[in-house]
Amino acid sequence: MALRIIMAVFMLPILPIIFGAFWFLAGEKNGAQFGVALWEGAREHPQVQEIKKLYKQELKRYALLCLLVYFLTLLPKHESLLITGVTVWIFFTFVFLLLPFRRANIRMLQQKREYLASLPKEGITEGSEEILVDVTAAGAPKQKSPRKAIYAGCIFALLAPAAELFLYHAWHRPWLPGLLAVESTLLATSCAAWCFLVYLRFYDKQRVNVLTYNSQVNLQVAGIRRYHLGRFCTEMAWLTGAFSWCLLLSFHLPPRLFPWMVSAASFLFGAASITLIFCCWKKIQKASQKYLAGEPMVGEDDDKHWIWGMIYYNKNDSRSFVEARTGLGITSNMAKPLMRYVTVVALFAVFLIMALTCGWVILEDFTPISLSYGNGMLVSGQWKTEYQIPQEDIKRADLLEELPEISRKSGTSMEHLAKGNYYWETERRDLEVCLNPKEPPFLLVECTDGSWYLLGGSDGEETRRAYEGYCGGR
């Protein structure tokens with residue numbers, strides 16, 4: 001039930017986040033809209049305004065359908081199906097909300113073709129294959145983004161896993177997972193802050209975009225973008241550091257509060273990130289328009305090099321990355337073999353991780369649990385986990401009609417499956433657990449070597465038979 005509530009409360013905001021991102025893609029950027037370079041008089045053209053209006057209407061309808069699908073993913077009783085459904089829903093939502101943008105891109109291209117066809121032949125300018133370079137702007141000394149603040153944010157993020165090395169022993173909690181698991185989680189989160197520094201260093205090396213025929217305007221706009229992107233990356237580095245510290249605190253909270261703390265921190269981190277992205281985008285657009293207003297725009301890239309208005313493919317361009325025609329940031333030149341391979345490998349890795357994770361969760365949840373006693377051996381197993389306890393090693397065994405208050409340290413914790421290493425808060429001891437929490441009674445076993453087991457069968461009768469077999473074999 002807790003997972004269902006967490007999914008309902010903290011996963012639903014993903015839809016408005018994706019919806020908001022696609023909503024703002026409808027805005028004009030550098031003389032292009034929906035990934036199509038605007039032609040003369042296009043901004044005031046009724047058909048262009050109609051395309052924009054139709055896009056937003058379709059986006060609303062598609063978002064509503066995604067919302068209905070989301071509620072369907074919350075219906076399954078098994079948590080494995082719930083997790084799988086929500087994972088597939090996130091991917092489905094992104095792809096599904098991409099369709100209105102694709103349609104708008106096609107409509108804009110069609111409208112542009114009709115406009116060019118209406119012009120006399122002498123009024124049509126053939127597209128050029130050359131890549132424009134502003135020599136004056138390229139020769140100007142490049143301004144680097146401020147680095148001290150972002151370095152400080154990255155170091156702040158790394159202090160969390162460093163502090164945990166001390167806190168794990170000085171402020172140890174018996175329910176904590178192993179040090180390796182805790183450190184891996186914190187270190188992976190903290191290293192994400194350094195990605196913003198890498199991006200900023202890479203962005204500083206990019207050449208000035210040719211937006212107008214005025215080199216000074218191109219330099220001014222490039223400086224504006226570099227400044228705001230520098231601030232954005234710095235704020236994200238500090239925000240990622242704060243998230244890493246929240247995770248550290250979550251590990252040391254009582255286990256019942258851990259999922260709520262992590263979910264709340266993740267939700268706030270996501271909301272703050274989206275807000276910073278939006279603010280950065282708006283500031284860049286507003287400040288750039290002050291310099292671009294009244295300047296004749298130069299279309300550096302022909303429409304035929306942009307697939308769906310989002311994917312750049314130009315064999316004649318030596319650049320591996322270019323500024324995206326929509327949204328904020330840069331995109332790769334898919335004509336470069338390295339970029340294609342990296343993209344394909346990254347997408348394959350994402351799909352593989354999703355498939356393996358969902359498959360593993362379903363196997364964990366639906367593989368039956370077994371518990372039996374025979375030939376002087378108590379055997380409990382479920383999929384890849386098996387416990388074999390000889391009778392001579394058993395100090396005592398008790399049948400519990402109710403599940404004690406236990407919390408997971410490592411392993412699996414689902415509504416119909418508890419497996420792995422757990423902590424028994426009342427008795428303050430570790431337990432090896434393999435049972436279905438919905439099928440009492442449970443067999444509590446104490447061994448002569450001091451280890452404890454809490455086991456259960458596929459149903460209560462199987463557990464009782466194992467207990468009676470043990471008692472009869474003593």
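Heavy atoms only: backbone and side chains are in, while hydrogens, waters and symmetry mates are out. Quantities reported herein were computed from a predicted structural model and do not represent experimental measurements.
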For this output row, return yes or no: ring centroids of Phe22 and Phe94 closer than 6.0 angstrom.
yes
Do the two ring centres, one from Phe91 and one from Phe351, sit under 6.0 Å apart?
yes
Less than 3.5 Å apart, any donor N or O on the side chain of [X] or [Y] sitting next to an acceptor on the other?
X	Y	result
Tyr467	Asp398	no
Glu405	Thr426	no
His228	Gln285	no

Asp317 backbone acceptor or donor facing Lys336 side chain under 3.5 Å
yes
Sidechain-backbone polar pair: Thr234 side chain, Ala149 backbone, donor-acceptor under 3.5 Å:
no
Hey, could you give me the [atom1]/[atom2] distance between [X] and [Y], rounded to the nearest 0.5 Å?
X	Y	atom1	atom2	value
Leu81	Cys358	CG	SG	10.0 Å
Leu352	Leu347	CG	CG	12.5 Å
Ile224	Lys286	CD1	NZ	12.0 Å
Phe366	Met414	CZ	CE	9.5 Å
Asn333	Ile311	CG	CD1	11.5 Å
Ser80	Glu415	OG	CD	10.5 Å

Minimum heavy-atom separation for [X] and [Y], please, with both atom names.
X	Y	value
Ser244	Pro161	OG-CD, 4.2 Å
Ile369	Leu435	CD1-C, 3.3 Å
Phe232	Cys280	CB-SG, 3.9 Å
Leu417	Glu364	CD2-O, 2.9 Å
Gly420	Tyr387	O-OH, 4.2 Å
Gly35	Thr326	N-CG2, 3.7 Å

Please assess Asp303 against Arg325 for the test salt bridge (Lys or Arg N to Asp or Glu O under 4.0 Å), listing each intermediate value before the final yes or no.
CA-CA 10 Å; Asp303 292 332; Arg325 266 198 172 182; 2.7 Å; yes
Close side-chain approach of [X] and [Y], heavy atoms under 4.5 Å:
X	Y	value
Met354	Thr357	no
Leu371	Leu378	yes
Phe321	Tyr312	no
Val445	Leu454	no
His305	Tyr313	no
Asp449	Asp393	no
Phe92	Val95	no
Ile389	Cys447	yes

Return a table of donor-acceptor pairs under 3.5 angstrom between the side chains of residues 271-278 and protein atoms on other chains or two or more places apart.
residue : atom : partner : partner atom : Å
Ser273  : OG   : Phe269  : O            : 2.7
Thr275  : OG1  : Ala271  : O            : 2.8

So Phe196 and Thr240, side-chain contact (heavy atoms from CB on, under 4.5 Å) or not? Walk me through it.
CA-CA 10 Å; Phe196 296 101; Thr240 305; 3.7 Å; yes
With a cut-off of 6.0 Å (strictly less than), are more than 12 heavy atoms of other residues, nucleotides or ligands near [atom1] of [X]?
X	atom1	result
Arg340	CZ	yes
Lys56	NZ	yes
Glu401	CD	yes

Can you list the residues that meet the side-chain hydrogen bond (donor to acceptor under 3.5 Å, both in side chains) rule with [X], with sequence neighbours excluded?
X	result
Gln33	none
His416	none
Tyr62	Arg103

Regarding Lys77 and Asp365, does a basic nitrogen lie under 4.0 Å from an acidic carboxylate oxygen?
no
Are Arg107 and Glu58 ion-paired here, with the side-chain N under 4.0 Å from a carboxylate O?
yes
Listing, residues 179-189 side-chain donor-acceptor contacts under 3.5 Å, not counting sequence neighbours, or none:
residue : atom : partner : partner atom : Å
Ser184  : OG   : Leu180  : O            : 2.7
Thr185  : OG1  : Ala181  : O            : 3.0
Thr189  : OG1  : Thr185  : O            : 2.9

For Glu164 and His252, what are the C-alpha separation, side-chain angles and deciding distance, and is it a side-chain hydrogen bond (donor to acceptor under 3.5 Å, both in side chains)?
CA-CA 10 Å; Glu164 181 61 20; His252 291 272; 2.9 Å; yes
For Trp308, which residues count as a ring pair (Phe, Tyr, Trp, His ring centres under 6.0 Å) partner, sequence neighbours excluded?
none
